[in-house]
Amino acid sequence: MKSSEQKSASFSIKRFGMMISQYIHIHRGGWMLGLLVIIGIALVVRLIAYTLIPDSPGQISGNGWMGIYFIAGLLITSHIFFDVHKGQQSWLTLSLPASPVEKYWSAWALTGPIYTIGAMLLLFVLLLVFSSLDKIVTGNSVFFFNPFEAGNLTYIYYYLLLHSFFFWGAIYWNKMQFLSTLMFAVVISIGFAALTYGGVQLSELLIPDGYFIDLSSPALSQTLNVLKNLFWLLSWLFFLFWGYDRYKNAQVLS
Amino acid sequence: MLSIDNLSFGFSGKAALFEELSLSVRPGHVYGLFGLNGAGKTTLLKLMSGLLFPKSGICELNGTSVQKRAASTLNDLFYLPEQYELRAIRAYDFVVEYSRFYTGFDHAEFKRIAGLFDLDTSQLLTKLSYGQQKKFLIAFALSCGASLLLLDEPTNGLDIPSKSQFRKVLASSDLEGRSIIISTHQVRDLAQSIDHMLVLDKGRITLNAGIDLLGERFSFGRISESEAKSRGMIYGEEVLGGYKAITLQNGEGAPTEMFDAELLFSAVIANPTAIHEALEEVTV
């Protein structure tokens, strides 16, 4: 019965979980390498600090680590569908008995919320170990990383926001997904800035005596804030669903 | 089981490969899909497995469009491509990782076939030769419990004993409620393993008939030049002292050699009308 239920459902939590485990398994080499590189760089930086400025090598803190979480996350996200773009590998993923919904959203869950939780836990443990070792060498106090600090939460918020854009890029671009998405973001930003600048110039031309709206009004500022958040939310959804449509329609052309 | 209705397909910027192609695949059969190089055999298998989408028309497995790639549909079909790139994981890990998705995967059957193929599942897949990789994937395909197996050139890369082993494995597989479509241009390799012949030519299925029926209608064998005229040879290839020929199975004096799929394939390609006329209502 259980098996027939699994067969008939268009969405199954079990298959969703299996897909997450599948992605972890497929990318496990990359995860391990990334982790070792990060730990290695941190150790080297610390050793340099001990060697060059032995009197005040500085205290271990969460600074910089959130940046690594951010960049590493977007790099992993950009690479998550690498096999779908490879003709001789994509057949296996695309024909695996899980629906496109399960395949796509499990990849999203892994590279977004699950990655964030994992990275925060890892940072907590890693920084605890580092600062404990540091205490032995320098006598500094042990550092407890707190992901719920306002600054860290802002990082997480912006990561999860930008994640949808890079997740879309992972399926949209056939090659160099991270760089292509970055380039696309630059082009879009320039276009957006040019449009805004053009709009301001035009309004100045049409209303030479000044702006027709009072930008300092609190009501307007509140409205603009709501509009800004709405814009981000809609963009977030737009890229996620555009990416899903792309994934659903991916074909093995070679 | 699988039905294709008025399917048209062509790669962008190229001429249409299939136009209004229709085909029905019934359970319990091993189909041989034959065609010349570039006839579109691989493309047709990809369309059947939902890895390519048709321009128009529909391809359904058990009433559901394969294009939707529903989990239940994918659970019921397995496509083994001719060209593939496997990841650097142990064969055993591959089975553990991927078999979980197939609700009907039979581990005992996989072990049996892997044993017949003499496969070492502790090896990294990338360390296996192409032939061993292929045998591994064939074992996986035959054990996954899918009711439709699409095998693209499965004997390519296999050595002679492995080809024979493959035929034995195929013959010993349970076909109840299941169909296998084997695409190949090596007709001779698989002629004894199939019970239904499909010939794809110029974007159409030009022959779709069971081996039993073909055997009833046609005789295969060597005949002399004079016999070629008197017996009404349908198709012949010149050999020393006469022809290797296909004639109608009409009693006394007909050549009695075994069914020759390769010769019939050549006949269908060279002169489909003659074969159609001989088969009358059977062909598509």
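First the proteins, then the strands, lettered A, B, ... as listed; each starts at 1. Values below: all heavy atoms of this structure, side chains included; hydrogens, waters and symmetry mates excluded.
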Legend entry - Atom pair CD1/CD1 of B/Ile180 and B/Ile182 - distance to nearest 0.5 Å: 6.0 Å
Inset, instruction - Walk me through it: do B/Phe110 and B/His107 pass the test ring pair (Phe, Tyr, Trp, His ring centres under 6.0 Å)? - result: CA-CA 5 Å; B/Phe110 177 80; B/His107 287 272; 7.7 Å; no
Legend entry - Validation row: B/Ser8, B/Phe18 side chains within 4.5 angstrom (heavy atoms): no
Inset, instruction - Determine yes or no for a side-chain-to-main-chain donor-acceptor pair under 3.5 angstrom, with B/Ser179 supplying the side chain and B/Arg26 the backbone. - result: yes
Inset, instruction - Tell me, please, which residues at least two apart from B/Ser143 pass side chain to side chain donor-acceptor pair (under 3.5 Å). - result: none
Legend entry - Contacts of residues 29-55 of chain B with chain A (heavy atom under 4.5 Å): B/Lys46, B/Leu51, B/Leu52, B/Phe53
Legend entry - Ring centroid separation A/Tyr158 to A/Phe70 under 6.0 Å: no
Legend entry - Segment of A/Asn249 engaging chain B (4.5 angstrom heavy-atom cut-off): both
Inset, instruction - Could you list which of residues 120-138 of chain B have a heavy atom closer than 4.5 Å to any heavy atom of chain A, in residue-number order? - result: B/Leu137
Legend entry - Engaged part of A/Lys248 at the chain B interface, taking heavy atoms whose separation is under 4.5 Å: backbone
Legend entry - Part of B/Arg87 lying under 4.5 Å from any heavy atom of chain A: side chain
Inset, instruction - Verify side chain to side chain donor-acceptor pair (under 3.5 Å) between B/Gln186 and B/Thr155, making sure each step is shown before the conclusion. - result: CA-CA 8 Å; B/Gln186 297 175 347; B/Thr155 53; 3.3 Å; yes
Inset, instruction - Flag the pair A/Tyr159 / A/Tyr69 as yes when their ring centroid distance falls below 6.0 Å, and as no otherwise. - result: yes
Inset, instruction - Would you indicate whether A/Trp173, at its atom CH2, is surrounded by more than 12 heavy atoms from other residues, nucleotides or ligands within a distance under 6.0 Å? - result: yes
Inset, instruction - Verify whether the ring centers belonging to A/Tyr244 and A/Tyr104 lie closer than 6.0 Å. - result: yes
Legend entry - Top contributor to chain B interface from A/Gly29, A/Ser99, A/Ser90, A/Ser95 [non-hydrogen pairs under 4.5 Å]: A/Ser95
Legend entry - Part of residues 110-122 of chain A lying next to chain B, heavy-atom separation under 4.5 Å: none
Legend entry - Toward chain A, the part of B/Phe94 with a non-hydrogen atom under 4.5 Å: side chain
Legend entry - Between A/Asn152 and A/Asn146: side-chain donor-acceptor atoms closer than 3.5 Å: no
Inset, instruction - For A/His79 and A/Phe178, indicate whether the former's side chain and the latter's backbone hold a donor-acceptor pair under 3.5 Å. - result: no
Inset, instruction - Measure the spacing between CG of B/Asn6 and OG of B/Ser22 and express it to the nearest 0.5 Å. - result: 4.5 Å
Legend entry - Aromatic centroids of B/Phe11 and B/Phe9 separated by under 6.0 Å: yes
Legend entry - Sub-6.0 Å ring centroid separation between A/Phe184 and A/Tyr172: no
